[in-house]
Amino acid sequence: MDMDSVYQYLGVNLWLYGVATSVVLWTIGWLYRDSLEIEDINQKHVFVTGCDSGFGNLLCKRLDRRGFRVIAGCLTEKGADDLKRATGPYLKTVLLDVTSTASIQKAMDWTKQEVGEKGLWGLVNNAGRSLPMGPSEWMKLEDFNSTLKVNMTGVIEMTLTFLPLIKQAQGRIVNVASVLGRVAANGGGYCISKFAVESFSDCLRRDIHYFGIKVCIIEPGFFKTAVTSLDPIERELHRLWNQLTPEVKASYGDKYLDNYIQIQRLIMNAVCDSDLSKVTNCMEHALISAYPRTRYSAGWDAKFGWIPLSYMPSCVIDIGLKLDLRRMTYNYPPPPWCSSTPGPETDDVQLPPSPSVFI
């Protein structure tokens, strides 16, 4: 081997070694930085919405054990009483309806007295709802609004109302979005609201960075919570179907609703994760870390499925969802504008839109 070849070989390998070393050092530095935590946790107050059950309920219990002064916003007195019995003396509850300006203001006034000059370290906007859901044509305007008032307007009003207390503590705002805030997979208000939470959080983060406030977004995958319970979802689908005109029902066919529900059951039973701690771990890190992340993807389906899918071209997502539905649905009548005897290579059957799935 001549000297030129030796120099070339060494040069290429040194370049590769340099890149590999830089990647390893960057990873070690990132992991170290990510592990750093804030101090004086037992002096910091955190307000969490939607604490009757699910993610919010579990998060309050975890934060209480860590030593935070937790203020849990519950919709019902039963939810508040059950949570108080399961936690320590430093957790306080307050009744809160995030769709009511008066309720939000009352909770803020009470919190202001509770936190005093320290301010509010964390606000976790966790309250949310998924129903009503279903094909968009089945909805009335009030069906969209009932979801948007909780998931979108509620998040915005809670944040703006409590922002002075958060500025006082130079604290954190943690907004719970969803992987369906990246990929719209169903009709109704849920995906619309979660896309709105994503954009509101991004705008807010840039607007208030000057005050030293961090804004974090939680993007859970599919988990077994009250909003993914099949019974209320199916009851709501029947309600939506029954409010349709005979002409609209006829355009879908008699078997459409039953098959839609079967798809719903299949997806919920197959992909919903029962380990809610995967989500609350992210929320907890966002509140405790000295350098919280901007976005947290909770669940393997989020990390390796929905998030990568969100970067794909829209046509790829559309085709993928249609193929999944074609494998799962049968015996749909052709639309009235299609031939009643489609050829063997053009079996035009009316497939339902993407199945409704909620976080």
Side-chain angles (χ1 to χ4, degrees), residues 25-51 55-73 83-84 86-94 107-126 155 158-177 201-202 204-220 276-298:
L25 291 175
W26 182 89
T27 302
I28 293 173
W30 184 88
L31 291 172
Y32 172 74
R33 187 175 185 270
D34 195 57
S35 68
L36 297 176
E37 296 184 353
I38 60 173
E39 299 177 350
D40 301 325
I41 286 177
N42 60 353
Q43 299 297 316
K44 297 185 184 301
H45 291 80
V46 175
F47 193 110
V48 185
T49 70
C51 301
F55 300 140
N57 188 275
L58 179 59
L59 176 65
C60 287
K61 295 174 182 177
R62 292 175 63 109
L63 295 179
D64 180 62
R65 288 195 294 269
R66 289 295 296 259
F68 276 103
R69 307 276 179 136
V70 181
I71 303 172
L83 183 57
K84 281 190 289 188
T87 54
Y90 293 115
L91 182 140
K92 306 292 181 63
T93 60
V94 58
M108 192 274 186
D109 293 339
W110 184 88
T111 302
K112 186 176 182 179
Q113 294 185 359
E114 186 72 17
V115 303
E117 296 298 322
K118 297 176 183 177
L120 184 65
W121 172 254
L123 171 64
V124 182
N125 284 308
N126 167 74
V155 169
M158 277 293 300
T159 302
L160 297 181
T161 302
F162 280 78
L163 189 55
L165 296 181
I166 300 168
K167 289 171 68 176
Q168 195 173 341
Q170 291 189 320
R172 310 281 169 82
I173 297 171
V174 181
N175 292 332
V176 180
S201 301
D202 282 337
L204 182 69
R205 183 181 66 255
R206 292 155 188 155
D207 291 339
I208 63 177
H209 175 75
Y210 171 80
F211 299 102
I213 300 172
K214 305 292 194 302
V215 180
C216 305
I217 306 170
I218 313 294
E219 298 173 332
L276 304 189
S277 66
K278 293 176 181 176
V279 178
T280 56
N281 285 343
C282 296
M283 297 175 174
E284 191 173 344
H285 186 275
L287 293 167
I288 292 176
S289 174
Y291 302 97
R293 308 170 202 169
T294 300
R295 279 178 166 79
Y296 293 82
S297 300

Notebook entry, point to check: Strictly by modelled atom types, are N175 and S201 linked by a side-chain donor-acceptor pair under 3.5 Å?
Noted result: yes
Check: Is any side-chain heavy atom of R172 closer than 4.5 Å to a side-chain heavy atom of V124?
Finding: no
Next item on the list: Using a 4.5 Å cut-off on heavy atoms from C-beta on, say whether the side chain of V94 contacts that of I71.
Entry: yes
Notebook entry, point to check: Cationic tip of K167 within the cone over F211's six-membered ring, i.e. under 6.0 Å and within 45° of the normal?
Noted result: yes
Checklist line | C60 side chain reached by L91 side chain, heavy atoms, under 4.5 Å | finding: yes
Next item on the list: Of all the heavy-atom pairs spanning N57 and C51, show the shortest one and how long it is.
Entry: ND2-O, 3.0 Å
Notebook entry, point to check: If you measure from CG on N281 to CG on L276, what distance do you get to the nearest 0.5 Å?
Noted result: 10.5 Å
Margin query: Could you tell me if the side chain of Y296 sits less than 4.5 Å from the side chain of V174, heavy atoms only?
Written below: no
Notebook entry, point to check: Closest approach of L63 and V46, non-hydrogen atoms and distance?
Noted result: CD1-CG1, 4.0 Å
Item checked: Ion pair D64/R69, N-O distance below 4.0 Å -> no
Margin query: Apply salt bridge (charged side-chain N to carboxylate O under 4.0 Å, His left out) to residues K112 and D109 and explain how you reach the verdict.
Written below: CA-CA 5 Å; K112 186 176 182 179; D109 293 339; over 6 Å; no
Checklist line | Separation of I166 CD1 from I208 CD1 (nearest 0.5 Å) | finding: 7.0 Å
Check: Looking at side-chain heavy atoms only, is the closest gap between I213 and L163 below 4.5 Å?
Finding: yes
Next item on the list: Examine distances only and state if a side-chain atom of T87 and a backbone atom of K61 form a donor-acceptor pair shorter than 3.5 Å.
Entry: no
Item checked: F68 ring center near H45 ring center (under 6.0 Å) -> no
Next item on the list: Taking the side chain as every heavy atom from C-beta outward, state whether Y90 and V70 have any atom pair closer than 4.5 Å.
Entry: no
Next item on the list: Mark yes or no for whether W121, through its side chain, and L287, through its backbone, hold a donor-acceptor pair below 3.5 Å.
Entry: yes
Next item on the list: Tell me, please, which residues at least two apart from Q168 pass side chain to side chain donor-acceptor pair (under 3.5 Å).
Entry: none
Checklist line | From CA spacing to verdict: salt bridge (charged side-chain N to carboxylate O under 4.0 Å, His left out), K118, D40 | finding: CA-CA 12 Å; K118 297 176 183 177; D40 301 325; over 6 Å; no
Notebook entry, point to check: Looking at side-chain heavy atoms only, is the closest gap between D202 and R295 below 4.5 Å?
Noted result: yes
Margin query: Minimum heavy-atom separation for T111 and A107, please, with both atom names.
Written below: OG1-O, 2.7 Å
Margin query: Checking N42 against R66: is there a side-chain donor and acceptor pair closer than 3.5 Å?
Written below: no
Item checked: Donor + acceptor pair across side chains of N125, T159 (<3.5 Å) -> yes
Note to self: Keeping D34 on the side-chain end and W30 on the backbone end, is there a donor-acceptor pair under 3.5 Å?
What the structure shows: no
Next item on the list: Report yes if the side chains of I288 and I41 come closer than 4.5 Å at any heavy-atom pair, otherwise no.
Entry: yes
Notebook entry, point to check: Any donor-acceptor pair under 3.5 Å linking the side chain of S289 with the backbone of A286?
Noted result: no
